[in-house]
Amino acid sequence: MTQVDVLLGLQWGDEGKGKIVDVLSPQYDLIARFQGGPNAGHTLEFDGKKFVLNTIPSGIFNEKTMNLIGNGVVIDPIILKRELDNLRAAGHDPVGKGKLVLARKAHLILPTHQLLDAANEQKMGAGKIGSTLKGIGPTYMDKTGRNGIRVGDTTLPDFKERYEKLVQKHKEILSHYEFEYDLAEKEAKFFEAIEFIKSIPHVDSEHFVNGYLKEGKKVLAEGAQGALLDVDFGSYPFVTSSNTTTAGACTGLGIAPNKVGDVYGIFKAYCTRVGGGPFPTELFDETGETLRAVGHEFGATTGRARRCGWIDLPALRYAIMLNGVTELIMMKADVLDGFDTIYACTHYEHDGQTIDYMPYDIITVQPKPVLKAIEGWKTDLTGITSTAQIPAQLNAYIEFLEKELEVPIKFLSVGPDRKQTLTLK
Ligand code: GDP
Ligand code: IMO
Ligand code: MG
């Protein structure tokens, strides 16, 4: 029997998961998204084309790979339909080719979930989470509150009544906010999209994935967001509403923990965050602006500018521990090409003491990062195709990180294209 490899983000999301899943997908029979929803934006580039996927797993461009949207994902039918319509217009039809299936137990994002997200954020004012406003939090709340509507419900005769019952509840909650809304147009689109998603095969993801393993087939679980946005272990309450860590792959697909194989942890050679919340190594100066400009650090889903800073090793060590990472993948090294000196946060200082973990109350207690200077490589990495071309200073940075993090770096990414990926080990 084979095991499920897991690939997930170790920072605050947008590490480059989509690109690497696409690169690795030829080695797998099944790619399975296990949590999150269309708050994700996973970018893939190849043959001069660029695609951003929100709900659909990043394995769809590989002819032989099956793709599953697992039970742990929350699905907005309108967005899923739009994603598939756009793909079809670009000549890709995973549904027509039988390359995409949906978990019956995945929960649906209703238009009113989005309204609740927006009403809540509006009320929070300056203290808002900075949600993507895709309705993620309210949908997971209805899931754990046992009110939710699932993909499998769409084929039941009383689907409409179930929908109306939940919407009524949402309207009652919305009446407590000073929030104006118009539901009619969204609702019409929602029901059109529901009809469409009925045409995608519905499966029990637990049986589906375990069936693949029994047949000795290879499965890769694709994470969304990142470890520091995990609802339990992230910078709460500035987090998303799912478990973004390896454990989330077990509950989000229906696989036992002993079925987890390799865990690929992805990180940027620096660090970014979009939305509110603590970010100890954030740079508010010109250097931060340079990282944003060179790295095109603007959200794939919302277009918002991403906050930028240096790599945070205590945070990465924490993420590695939580996820049981067996191999690291370093992304966007090319963004640092122009720097004479780069920096890595090795630990924090707080109250005159040295600490190497994020304090519980990281919102009011702001740990001061202690930075180590590292010589830059001042070389254009974007065209390199072999490890022999890696400049000595970058090799030194890689060695330094491997020593600090105690996990080998297996892949190095030097540009957004599929081809700009080097295998180090
Ligand atoms: P994801 O959410 O983890 O899949 O990441 P996003 O797609 O949101 O953000 C990563 C961004 O960086 C996308 O615009 C990618 O095209 C781009 N990208 C990925 N790898 C590299 C790289 O090695 N270098 C550069 N310059 N860009 C990259
Ligand atoms: P990918 O998969 C980066 C952030 C939002 C906000 C917080 C909560 O592309 O890496 P939510 O909409 O979940 O209620 O927002 O989480 N966030 C992400 N940041 N990448 C993502 O996904 C994100 N998904 C959510 O900006 O701070
Ligand atoms: Mg993203």
Side-chain angles (χ1 to χ4, degrees), residues 7-23 33-46 49-55 57-58 73-74 76 109 113-114 116-118 120-121 128-141 222-231 234-242 244 266-279 291 293-307 329-337 380-382 384 411-422:
L7 182 145
L8 34 71
L10 298 182
Q11 295 162 321
W12 278 287
D14 302 329
E15 297 90 350
K17 298 174 291 291
K19 168 182 161 160
I20 296 297
V21 170
D22 172 60
V23 167
R33 265 282 302 269
F34 61 88
Q35 46 68 235
N39 48 351
H42 294 181
T43 315
L44 293 80
E45 285 190 38
F46 54 87
K49 284 175 286 182
K50 176 173 162 172
F51 295 93
V52 178
L53 302 174
N54 303 115
T55 329
S58 303
V73 177
V74 288
D76 180 332
I109 302 176
H113 282 130
Q114 279 177 14
L116 287 166
D117 215 355
N120 199 38
E121 284 281 81
K128 68 181 180 180
I129 304 294
S131 157
T132 59
L133 304 179
K134 303 293 176 192
I136 305 297
T139 307
Y140 278 114
M141 281 166 71
E222 173 178 358
Q225 291 80 53
L228 305 177
L229 287 169
D230 182 273
V231 66
S235 45
Y236 193 88
F238 296 93
V239 292
T240 191
S241 299
S242 63
T244 58
I266 298 205
F267 65 100
K268 283 179 193 173
Y270 50 99
C271 195
T272 65
R273 166 161 214 176
V274 61
F279 179 1
L291 286 172
V294 179
H296 303 290
E297 295 295 358
F298 296 90
T301 304
T302 58
R304 290 179 295 174
R306 294 179 186 143
R307 300 152 64 190
I329 304 175
M330 180 154 82
M331 308 299 291
K332 303 190 93 158
D334 57 296
V335 175
L336 303 180
D337 283 356
D380 178 2
L381 296 178
T382 55
I384 69 169
F411 299 108
L412 174 70
S413 178
V414 293
D417 193 272
R418 213 185 239 175
K419 292 204 180 103
Q420 292 170 301
T421 316
L422 281 92

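Indexing begins at 1, ligand by ligand and atom by atom, following the structure's order.
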- [ ] Just give me the atom name: the N, O or S atom of D14 closest to the Mg ion (ligand 3).
- [x] OD1
Open item on the list: For a quick check under 3.5 Å, do Q35 and Y140 share a side-chain donor-acceptor pair by atom type?
Closed with: no
- [ ] Check the surroundings of atom CZ in F298: do more than 12 heavy atoms from other residues, nucleotides or ligands lie under 6.0 Å from it?
- [x] yes
- [ ] For Q114 and D76, test the side chains for any donor-to-acceptor distance below 3.5 angstrom and give the result as yes or no.
- [x] yes
Task: Flag for R33-S58: side-chain donor and acceptor within less than 3.5 Å - done: no
Tabulate distances under 3.5 Å between N/O atoms of ligand 2 and N/O atoms of the protein, writing both atom names on each line.
from, atom 1, to, atom 2, distance (Å)
ligand 2, 2 (O), H42, NE2, 2.7
ligand 2, 2 (O), Q225, N, 2.8
ligand 2, 9 (O), D14, OD1, 3.0
ligand 2, 9 (O), G41, N, 2.9
ligand 2, 9 (O), G41, O, 3.2
ligand 2, 10 (O), D14, N, 2.8
ligand 2, 10 (O), D14, OD1, 3.4
ligand 2, 10 (O), K17, NZ, 2.7
ligand 2, 12 (O), S131, OG, 3.4
ligand 2, 12 (O), T132, N, 2.9
ligand 2, 12 (O), T132, OG1, 2.5
ligand 2, 13 (O), N39, ND2, 2.9
ligand 2, 13 (O), T240, OG1, 2.6
ligand 2, 14 (O), S131, OG, 3.3
ligand 2, 20 (N), D14, OD1, 3.0
ligand 2, 20 (N), D14, OD2, 3.4
ligand 2, 22 (O), Q225, NE2, 3.4
ligand 2, 24 (N), Q225, NE2, 3.1
ligand 2, 26 (O), G130, O, 3.4
ligand 2, 26 (O), V274, O, 3.0
ligand 2, 26 (O), R304, NH2, 2.9
ligand 2, 27 (O), V274, O, 3.1

Open item on the list: For a 4.5 angstrom cut-off between non-hydrogen side-chain atoms, does R307 reach T272?
Closed with: no
Task: Check: D230 side chain, T244 main-chain N or O, donor-acceptor pair, under 3.5 Å - done: yes
Open item on the list: Looking only at the side chains, is there a donor atom on one of S413 and K19 sitting less than 3.5 Å from an acceptor on the other?
Closed with: yes
- [ ] Identify, chain by chain and in numerical order, each protein residue with a heavy atom under 4.0 Å from an atom of ligand 1.
- [x] D14, E15, G16, K17, G18, K19, G41, H42, T43, E45, A300, R306, M331, K332, D334, V335, S413, V414, G415, P416
Task: E15 side chain to Q11 backbone, donor-acceptor under 3.5 Å - done: yes
Open item on the list: Could you tell me if T240 and N39 have a donor-acceptor pair between their side chains, going purely by distance under 3.5 Å?
Closed with: yes
Open item on the list: I'd like to know: is the Mg ion (ligand 3) within the 2.8 Å range of an N/O/S atom from G41, strictly under that distance?
Closed with: yes
TODO: Scan R304, R273, R306 and name whichever one has a salt bridge (Lys or Arg N to Asp or Glu O under 4.0 Å) with E297.
DONE: R306
